[in-house]
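Beneath this line is the structure, given in structure tokens, with notes to follow.
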Amino acid sequence: MEKLFHLLIMTEKKIKNIFVQGAISADFIADSIAKHSSKTEIGGHSIFLGQVRADEIDEKQVAAIDYTAYEELALAQMHQIREDVFSKYPLSCMHVHHSLGVVNAGEICLFVFTSSKHRKPAMDACDELVERIKAELPIWGKEIFADASHQWKENK
Amino acid sequence: MEKLFHLLIMTEKKIKNIFVQGAISADFIADSIAKHSSKTEIGGHSIFLGQVRADEIDEKQVAAIDYTAYEELALAQMHQIREDVFSKYPLSCMHVHHSLGVVNAGEICLFVFTSSKHRKPAMDACDELVERIKAELPIWGKEIFADASHQWKENK
Amino acid sequence: MEIEIISFGKIAELVNLKNLNIDGIKDTDGLQKHLEAVFPKLKEIKYKLALNKQIIHANSPLTSGSVVAIMPPFSGG
Amino acid sequence: MEIEIISFGKIAELVNLKNLNIDGIKDTDGLQKHLEAVFPKLKEIKYKLALNKQIIHANSPLTSGSVVAIMPPFSGG
């Protein structure tokens, strides 16, 4: 019974989802911030938001990015990143959300949120998470132009 | 006429206020984020939030911090910090808000928000702003305990 | 022996097959050679393979029912 | 000659004067000596002075109507 319970916890931990359909709204971010007011051991929150840019490429402007992911692999990779970052920094909380599907220029597609007693671990962990998310998660952005043509985004 | 106009701009720039009465709400933060959706040259936002901790000191718990500031000097110092950081990093936006008066444990007292085309300048500028705000702005926090006694906070 | 192929991003526009009979192919190196022969444009793209939902960094044996993902450079965030 | 004194944080609980006649005192070093004589506890606190809304790092002359702020270590954020 205890073993089963442990297994359920492990499973729940494993399948923690980071993906949301479409853009991440400011209200969603506000709710997430507000939820931390009961955690009075926290002294600092660090947040990174990725926003879709209306880049101009060969005289055409990006209107939106359509995100796809190898979801199962991405969640497994994210699980590992989460474990690594939690064991490296004294964090109270860590939240990651990434869009799937169409996100228009000016909308938020990535929300990384870390909290700790003192400010430095939250800031450093947030930076590291963003770097690793961009480098290690199998997610692809298709830049869609106003004329409906597209090109595949490449991270620098 | 042009000179007067320039003077007005300078004056407006100089008196940019960072102080808000009481805690900074999650809704205020959400509004601030949402306002950037029209700035489609932005690719990354970095946010730092300072939250009042319910620290335990000599067996008494901090219930709130009461902030006072030498406002005129603080705004002049902040003006200089803003200029320095804007000239050091390629930023699209920079917003700083600090509470005055009573902020309860679990509530937000500092909101620093930077935006840039690519993520790194926004993150580095945000870190630097937080460090300089804590070190250089004449603001004082009075930690108020549940029994109404107090002690003066000291930044590490 | 049959394996499953899944592809993503710009590679999904290039390699559009789902099930592949790989008689005569026994590992991922062999599969890679086969795919690049069938889809020559693949040679111009940097890509990684995942085998059964794990990114692989070296040649790995294939078995019946293996799931191989072909992934161009990531561009999330 | 009269100057204005403003104080903040824990120093505001210690130094509670607003206007100060400083006949015989001509600069901030002299003022500091005077204040530490009147409020001996001030010697135990690290503090900075601002003169007319500017933080000073060296001895500065005082004139009639000067505004001097006495500031303990900052603790904003």
Side-chain angles (χ1 to χ4, degrees), chain B residues 14-15 18-20 24 48-53 55 62 65-81 96-101 103 108-112 126-144 149-156, chain D residues 2-20 22 25 27-32 34-36 38-77:
Chain B
K14 269 222 169 85
I15 60 159
I18 65 166
F19 293 112
V20 296
I24 296 162
F48 177 80
L49 302 174
Q51 182 168 300
V52 172
R53 279 198 314 270
D55 277 351
V62 172
I65 295 182
D66 186 357
Y67 286 102
T68 50
Y70 187 3
E71 292 188 48
E72 284 171 286
L73 180 57
L75 296 182
Q77 300 275 93
M78 189 62 226
H79 180 73
Q80 187 56 51
I81 295 170
V96 173
H97 303 278
H98 195 295
S99 294
L100 286 183
V103 181
I108 307 292
C109 57
L110 173 63
F111 173 26
V112 179
C126 188
D127 284 20
E128 192 164 321
L129 280 168
V130 174
E131 295 302 320
R132 292 193 64 177
I133 286 164
K134 291 192 175 241
E136 298 175 32
L137 296 195
I139 302 173
W140 297 274
K142 185 164 76 170
E143 293 175 317
I144 299 168
S149 64
H150 74 264
Q151 77 163 24
W152 290 90
K153 185 174 167 247
E154 292 201 10
N155 281 350
K156 294 205 244 185
Chain D
E2 219 174 52
I3 63 164
E4 192 183 332
I5 302 274
I6 46 181
S7 53
F8 295 94
K10 65 178 159 191
I11 293 178
E13 296 179 343
L14 195 71
V15 177
N16 53 346
L17 42 83
K18 190 164 158 44
N19 296 300
L20 182 67
I22 54 156
I25 297 173
D27 54 30
T28 51
D29 277 3
L31 176 65
Q32 217 166 320
H34 173 76
L35 289 169
E36 291 184 1
V38 179
F39 308 102
K41 279 194 177 167
L42 202 53
K43 278 182 271 191
E44 296 160 25
I45 302 171
K46 267 198 223 171
Y47 63 90
K48 285 180 184 172
L49 296 182
L51 174 59
N52 300 327
K53 295 173 199 165
Q54 293 221 305
I55 295 175
I56 57 167
H57 303 282
N59 189 24
S60 305
L62 295 171
T63 57
S64 182
S66 286
V67 179
V68 177
I70 319 173
M71 307 180 292
F74 308 154
S75 56

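A, B, ... follow the sequence lines: proteins, then strands. Residue 1 opens every chain.
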| request: Establish, yes or no, whether a centroid distance under 6.0 Å links the rings of Tyr67(B) and Trp140(B). | output: no
| request: Tell me yes or no: between the side chains of Ser75(D) and Asn155(B), is some donor less than 3.5 Å from an acceptor? | output: no
| field | Proximity breakdown for Glu154(B) and chain D, heavy-atom pairs closer than 4.5 Å | value | both
| field | Residue Leu137(B) versus chain D: region with a heavy atom under 4.5 Å | value | backbone
| field | Test item: Asn59(D) side-chain N/O and Thr28(D) main-chain N/O as donor-acceptor pair under 3.5 Å | value | yes
| message | Quick check for you: to the nearest 0.5 Å, what is the distance between Met71(D) atom CE and Leu49(D) atom CG? | response | 7.0 Å
| For Leu110(B), is it the side chain, the backbone, both or neither that has a heavy atom under 4.5 Å from a heavy atom of chain D? | side chain
| Any donor-acceptor N/O pair, Gln77(B) side chain to Glu136(B) backbone, under 3.5 Å | yes
| field | Side chain / backbone / both / neither for Ala74(B) at chain D, heavy atoms under 4.5 Å | value | neither
| query | What part of Gln51(B) is in contact with chain D, defined as an atom under 4.5 angstrom from a non-hydrogen atom: side chain, backbone, both or neither? | reply | neither
